[in-house]
Protein chains: 2
Amino acid sequence: MEEKGISQAVIGRLPRYFRYLGELKDEGVERISSQELSELMKVTASQIRQDFNNFGGFGQQGYGYNVEYLYQEIGKILGLDRTHRFIIIGAGNLGQALGGYLNFERRGFIFSGMFDKNPALVGKEVRGIRVQPMEEMEQFIRENDVDIAVLTIPKTGAVEVAERLVNNGIRAIWNFAHVDLNVPEGIQVESVHLSDSLMKLSYNINRYLQESGQ
Amino acid sequence: MEEKGISQAVIGRLPRYFRYLGELKDEGVERISSQELSELMKVTASQIRQDFNNFGGFGQQGYGYNVEYLYQEIGKILGLDRTHRFIIIGAGNLGQALGGYLNFERRGFIFSGMFDKNPALVGKEVRGIRVQPMEEMEQFIRENDVDIAVLTIPKTGAVEVAERLVNNGIRAIWNFAHVDLNVPEGIQVESVHLSDSLMKLSYNINRYLQESGQ
DNA sequence: AAAAATATGTCAATGAATTAGCAGAAAATG
DNA sequence: CATTTTCTGCTAATTCATTGACATATTTTT
């Protein structure tokens with residue numbers, strides 16, 4: 001299983017495959033062909049085969065793919081066979097929502113700390129984790145082998161906090177602040193720009209109204 | 001300004017242009033060239049010009065682009081010159097977080113209702129909006145000219161709720177549930193699959209570890 | 001007011017991603 | 001156990017997206 005230069009287009013589709021395969025597995029489905037999966041997921045069968053072949057091919061001619069095996073393999077590719085400890089910076093509603101997701105835990109993402117600069121939130125508990133003041137963040141990262149920091153703070157401050165995170169050994173940032181973070185080579189950033197997403201929706205509403213005549 | 005068959009790749013970049021132009025405007029910058037903008041945003045100048053030209057061209061040779069004008073025009077393309085009323089289905093932390101974002105209001109997205117099936121949450125207020133029971137959803141949509149429904153409920157139930165929304169005249173769904181919604185032609189769906197995003201991050205962490213030798 | 005510099009819009013070239021097609025391996029059938 | 005069917009892995013073709021190059025319009029400089 002060699003992985004070199006897999007495009008982000010492919011990576012971006014893997015979680016969706018993983019989700020569908022997990023559901024099939026739970027339904028007791030043992031095997032599936034690219035054809036069947038393509039109908040279910042509404043993508044071409046060719047794309048499915050091509051995507052999987054990036055990682056060496058998990059199927060067998062005349063049989064198809066074994067659901068359980070394929071599920072496991074994609075999980076491995078996505079790194080879900082390891083555990084990743086994460087902390088949340090910003091204990092507002094969004095931070096609390098993400099801290100509360102039990103599904104993340106199931107995939108090996110362990111919620112281990114939460115920080116906020118607002119004294120009113122410090123001390124509050126989210127799923128057994130006590131919100132700590134921002135001053136304690138650096139030490140906590142160094143002492144607790146934290147991989148991922150989730151940034152759920154307003155954009156003012158996000159750049160500065162990101163820098164502090166990186167300086168203390170964070171490998172990855174899941175960024176919900178509405179700014180682009182510039183981090184050194186080797187630090188992974190995945191941004192979720194909610195307002196961008198909403199604007200895309202807005203565009204498509206408008207487009208449809210225009211195309212179908214006001 | 002003719003728009004036909006603009007690719008989603010282009011649309012996906014518009015909100016980011018809009019964000020940068022808004023910041024430049026606030027800083028008092030009057031004009032900018034594709035070259036300068038490309039350095040700021042870390043994309044090629046050619047792509048910027050190509051993207052804008054999909055909509056007819058907003059610049060002038062020898063001058064560049066007027067920041068204020070370009071900002072306005074992209075806003076119009078994204079439909080931000082109109083107002084859209086939205087409701088939130090699911091008054092958990094995520095729903096509350098989205099209801100609380102003042103920035104959406106600034107862009108013309110008006111938070112007008114919130115619903116939850118949990119009686120413990122009904123009656124609670126989020127930014128002046130009272131959480132109503134699910135049973136009142138249909139009538140509210142019909143009587144209040146609601147464009148967008150934000151789905152912040154668990155995946156069980158999301159498909160059924162989506163159907164109810166569509167049957168009562170919703171045009172667009174901003175979907176945070178971890179399922180793919182199948183809606184009729186003409187209904188817009190924009191999904192934010194948070195766990196997919198986290199898995200991509202996980203993949204990239206792993207990849208880097210492997211490439212740089214364990 | 002002429003010359004030099006700037007910077008767009010557009011076309012062409014390249015590169016990336018998706019889809020189509022098919023040889024051949026395995027499974028199912030009779 | 002031979003024949004037919006199924007279905008992958010792979011290569012080739014096609015489509016889509018990005019980048020490069022340049023003619024030309026506008027601005028700035030001298």
Side-chain angles (χ1 to χ4, degrees), chain A residues 1-17 20-21 24 29-74 77 200 203 207, chain B residues 1-17 20-21 24 29-74 77 200 203 207:
Chain A
M1 190 213 296
E2 37 152 358
E3 311 167 29
K4 49 171 180 179
I6 312 291
S7 80
Q8 288 293 312
V10 174
I11 304 311
R13 285 191 292 266
L14 292 183
R16 186 152 179 266
Y17 291 131
Y20 274 84
L21 289 165
L24 287 166
V29 179
E30 259 186 29
R31 58 184 264 193
I32 195 162
S33 68
S34 58
Q35 181 60 44
E36 292 168 298
L37 193 56
S38 86
E39 281 156 22
L40 197 61
M41 296 185 62
K42 298 185 175 132
V43 295
T44 64
S46 193
Q47 178 163 79
I48 291 175
R49 295 204 296 279
Q50 201 75 299
D51 281 350
F52 294 167
N53 262 85
N54 278 295
F55 305 96
F58 303 120
Q60 197 159 46
Q61 286 161 324
Y63 175 88
Y65 299 89
N66 178 284
V67 171
E68 171 77 35
Y69 173 70
L70 186 53
Y71 176 80
Q72 294 297 336
E73 289 302 310
I74 294 179
I77 293 166
K200 268 197 282 177
Y203 172 86
R207 184 185 52 108
Chain B
M1 192 213 295
E2 37 153 0
E3 311 168 28
K4 50 172 177 178
I6 311 292
S7 80
Q8 287 292 313
V10 174
I11 306 310
R13 286 192 290 265
L14 292 183
R16 186 152 179 265
Y17 290 131
Y20 274 84
L21 288 166
L24 287 167
V29 178
E30 260 186 28
R31 59 184 262 195
I32 195 162
S33 69
S34 58
Q35 181 61 42
E36 291 168 299
L37 193 56
S38 86
E39 281 157 23
L40 197 60
M41 295 185 64
K42 299 188 175 128
V43 295
T44 63
S46 195
Q47 178 163 80
I48 292 174
R49 295 203 297 277
Q50 200 76 296
D51 282 349
F52 294 167
N53 263 85
N54 278 294
F55 305 96
F58 304 120
Q60 197 159 45
Q61 287 160 323
Y63 175 89
Y65 299 90
N66 178 284
V67 171
E68 172 78 36
Y69 175 69
L70 186 54
Y71 175 81
Q72 294 295 338
E73 289 303 310
I74 294 179
I77 292 166
K200 267 197 282 176
Y203 172 86
R207 183 185 53 109

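Within every chain, numbering begins at 1; the chains are lettered A, B, ... in the order of the sequence lines, protein sequences first and strands thereafter.
Which of dT19(D), dT19(C), dT27(D) sits closest to the side chain of Gln47(A) comes down to dT19(C). Closest approach to the Gln61(B) side chain among dT18(C), dA25(D), dA17(C) is made by dA25(D) (side chain taken as heavy atoms from C-beta onward). You'll find that the side chain of Gln50(B) is closest to dT19(D), out of dT19(D), dG21(C), dA17(C). Side-chain proximity of Arg49(A) to the nucleotides dG21(C), dT18(D), dA25(D) is greatest for dG21(C). Comparing dG9(D), dT8(D), dT19(C) by their nearest atom to the side chain of Thr44(A) picks out dT19(C).
Summarising the geometry, the separation between CE on Met41(A) and P on dT18(C) is reported as 13 Å, rounded to the nearest angstrom. Straight-line distance from the CG atom of Asn54(B) to the C1' atom of dT8(C): 15 Å, rounded to whole Å. Rounded to whole Å, the distance from CD on Gln60(B) to C1' on dA25(D) is 8 Å. The interatomic distance linking Glu36(B) (CD) with dT6(C) (P) rounds to 11 Å, in whole Å. Here the P atom of nucleotide dT18(D) and the CD atom of Gln8(B) are 13 Å apart, to the nearest Å. At whole-Å resolution of the value, CG in Asn66(B) and P in dT8(C) are 13 Å apart. One atom, CD1 of Ile48(A), and another, C1' of dC7(D), lie 13 Å apart when rounded to the nearest Å. Atom CZ of Phe58(B) is separated from atom P of dT8(C) by 14 Å (rounded to the nearest Å).
The line from CG of Leu40(B) to CD1 of Ile32(B) is 6.0 Å long, rounded to the nearest 0.5 Å.
OP1 or OP2 of dT18(D) lies within a sub-4.0 Å distance of a side-chain N or O belonging to Arg13(B). Listed pair Arg31(A) / dA28(C) meets the phosphate criterion, a side-chain N or O lying under 4.0 Å from OP1 or OP2. Side-chain N/O atoms of Ser34(B) include none lying less than 4.0 angstrom from OP1 or OP2 on dA7(C).
Side-chain atoms of Ser7(A) and base atoms of dA16(C) include no donor and acceptor less than 3.5 Å apart.
The residue from Ile48(A), Asp51(A), Leu37(A) that alone fulfils the side chain to side chain contact (heavy atoms under 4.5 Å, CB included) condition with Val43(A) is Ile48(A).
Remark on DNA chain D: of its neighbouring residues Gly59(A) and Gly62(A), the 5'-side contact belongs to Gly62(A), judged by nearest-heavy-atom nucleotide.
As judged by a 4.0 angstrom heavy-atom cut-off over every strand, Ser33(A) is placed among residues touching the sugar-phosphate backbone only. Tyr65(B) comes within 4.0 angstrom of the backbone, heavy atoms only, and of no base.
In the model, Glu36(A) has a side-chain atom that pairs as donor or acceptor with a side-chain atom of Ser33(A) under 3.5 Å.
Side-chain contact between Phe55(B) and Leu14(B) is present, with heavy atoms from C-beta onward closer than 4.5 Å.
Between Arg31(A) and Tyr63(A) the shortest heavy-atom distance is NH2-O, 3.1 Å.
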